[in-house]
There are 2 protein chains.
Amino acid sequence: MRLGQGVEWAIHTCLNLTWLGAERGVSTARLAEFYQLPPAYLNKQLQSLVRAGILASTPGRRGGFSLARGPAAISLLDIVVAIEGSDPLFRCEQILRAGPGGRPDVDYREVCLVSGAMRRADLAWRQELAGRTLADLKADVERSFPGTPEATRGRFAELHDR
Amino acid sequence: MRLGQGVEWAIHTCLNLTWLGAERGVSTARLAEFYQLPPAYLNKQLQSLVRAGILASTPGRRGGFSLARGPAAISLLDIVVAIEGSDPLFRCEQILRAGPGGRPDVDYREVCLVSGAMRRADLAWRQELAGRTLADLKADVERSFPGTPEATRGRFAELHDR
DNA sequence: GCATTATTACTCGGATACTGCTTGTCCGAGTATCTCCGG
DNA sequence: CCGGAGATACTCGGACAAGCAGTATCCGAGTAATAATGC
């Protein structure tokens with residue numbers, strides 16, 4: 001039980017986009033080359049982000065991806081949900097229906113106290129993720145590693161020249 | 001991305017054991033019959049709980065499973081870890097090593113701020129689970145549904161008579 | 001009738017197949033740029 | 001020299017396979033109760 005690989009790629013890629021100004025879109029090929037990732041598969045993840053409204057894509061000759069809104073309006077939860085879906089970590093299959101006194105018409109996801117306890121933990125996880133935006137992360141990185149923005153832009157310029 | 005089916009089975013089964021007194025072990029067959037679960041597969045999950053020291057198993061003619069310690073000493077996190085393993089939800093593959101200025105000798109699971117943010121959310125989830133014991137859950141259920149202990153014992157008695 | 005021994009029935013435990021999702025890849029639809037041609 | 005039409009190169013997007021973890025099952029090792037047997 002673990003999150004998919006794409007979550008890490010998506011977060012780092014979105015973070016990179018915050019430093020690139022994003023005058024125009026950046027292609028999948030360059031974004032993948034930056035971390036030596038398989039381009040086609042990264043493209044698949046980025047498509048999920050587009051469907052979720054986090055990234056904007058422009059097709060055609062000079063197309064590419066860019067952030068659809070400001071970094072302060074994109075939380076880590078948004079990205080995780082976009083990649084992994086919105087299903088809760090714990091899935092209650094309502095086995096209490098088969099137990100003594102189980103009623104078929106009752107929604108045990110609401111009633112069952114086990115389900116409730118697990119849902120509360122789930123909520124704690126989500127709240128922590130929802131409270132961390134791309135803007136926060138960007139600021140933290142720039143404080144701890146001031147050279148990162150320039151280094152990132154530099155690397156992308158190299159890739160551009162190829 | 002979701003937790004395995006076995007987690008739900010394990011929690012409800014452990015909860016049932018708290019009501020059965022557990023003078024002697026309860027067999028997999030009866031525990032499975034209680035919720036109409038596949039016996040062999042449930043047995044596999046219970047084995048994981050035994051390995052984790054949560055359940056005690058006695059083999060042989062009148063063998064079965066019983067709680068290895070008091071319900072107050074068993075948290076939901078213990079059960080989840082026993083079934084799912086102790087790996088964090090978010091796995092950092094350290095893609096920063098392939099980025100600009102990436103060093104092979106640095107452990108980016110410690111340094112990377114993305115990894116740190118995800119780890120904090122992970123921790124919030126685990127703390128919530130660690131703070132909920134079987135004894136808490138048992139008390140909550142008995143408060144909300146006072147008939148449950150007797151109904152549970154009754155159903156197991158029926159299964160016993162077959 | 002009673003102690004002893006062989007049998008039996010039932011249990012856990014790990015080794016063994018199957019299924020679905022995550023991972024990974026490919027080719028087609030579409031667009032801006034560039035080239036070529038005519039005026 | 002300038003405008004426009006066609007060709008071109010490069011992009012995203014969804015449809016198409018492969019690998020692996022979760023799911024499900026079976027049979028063997030071991031133990032306690034039971035039945036049979038001899039005294």
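This one's a predicted model, so the numbers in the text were calculated from it and none came from an experiment. Below, read A as the first sequence line, B as the second, and so on, with proteins coming before strands; counting in each chain starts at 1.
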Checklist entry - Between E84(B) and A40(B), who's closer to the 5' end of DNA chain D by nearest nucleotide? => result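 Final value for this comparison: E84(B).
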Checklist entry - When you match T28(A) and G60(B) each to their closest nucleotide on DNA chain D, which lands nearer the 5' end? => result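 Taking each residue's closest nucleotide, the earlier one in sequence belongs to T28(A).
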Checklist entry - Can a salt bridge be assigned to the pair R126(B) and D122(B) using a cut-off of 4.0 Å between side-chain N and carboxylate O? => result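 Here R126(B) pairs with D122(B) in a salt bridge, since their nearest N and O are under 4.0 Å apart.
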Item to check | Lys/Arg-Asp/Glu bridge criterion (N-O < 4.0 Å) met for R132(B), D140(B) | outcome: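 Looking at R132(B) and D140(B), the cut-off is met.
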[N] [atom2] sits how many Å from [X] [atom1], rounded?
X: F65(B); N: dC10(C); atom1: CZ; atom2: P; answer: 18 Å
X: L3(B); N: dC21(C); atom1: CG; atom2: P; answer: 16 Å
X: E93(B); N: dT23(C); atom1: CD; atom2: P; answer: 10 Å
X: L42(A); N: dT22(C); atom1: CG; atom2: P; answer: 18 Å
X: R61(A); N: dA9(D); atom1: CZ; atom2: C1'; answer: 5 Å
X: R2(A); N: dA21(D); atom1: CZ; atom2: P; answer: 6 Å
X: Y41(A); N: dC12(D); atom1: OH; atom2: P; answer: 18 Å
X: L46(A); N: dT11(D); atom1: CG; atom2: P; answer: 14 Å

Checklist entry - Counting just side-chain N and O atoms, does S57(A) come under 4.0 Å of either OP1 or OP2 of dC12(D)? => result no
Next on the checklist: It should be established whether R51(A) places a side-chain nitrogen or oxygen under 4.0 Å from OP1 or OP2 of nucleotide dG13(D).
Outcome noted: no
Could you check which of [options] has an atom nearest any side-chain atom of [X]?
X: K44(A); options: dA15(D), dA24(D), dG13(C); value: dA15(D)
X: V50(A); options: dG13(D), dT23(C), dC12(C); value: dG13(D)
X: P59(B); options: dG13(C), dT31(D), dC21(C); value: dT31(D)
X: N43(B); options: dT25(C), dG13(D), dG13(C); value: dG13(C)
X: Q5(A); options: dT31(C), dG14(D), dT23(C); value: dT23(C)

Item to check | No-hydrogen, no-angle side-chain donor-acceptor test under 3.5 Å, E142(B) and W19(B) | outcome: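 Per modelled atom types, E142(B) and W19(B) side chains form a pair under 3.5 Å.
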Item to check | Option passing side-chain contact (heavy atoms from CB on, under 4.5 Å) with L134(A) (candidates I54(A), L15(A), D78(A)) | outcome: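 It is L15(A); the other options fail the test.
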Next on the checklist: Heavy atoms only, 4.0 Å cut-off, all strands: where does G6(B) land among base, sugar-phosphate and nothing?
Outcome noted: nothing
Next on the checklist: Using the ring-ring contact (aromatic ring centres under 6.0 Å, His included) definition, which of the options F34(B), Y41(B), Y35(B) pairs with W9(B)?
Outcome noted: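 It is Y41(B), the one option of F34(B), Y41(B), Y35(B) that forms the ring-ring contact (aromatic ring centres under 6.0 Å, His included) with W9(B).
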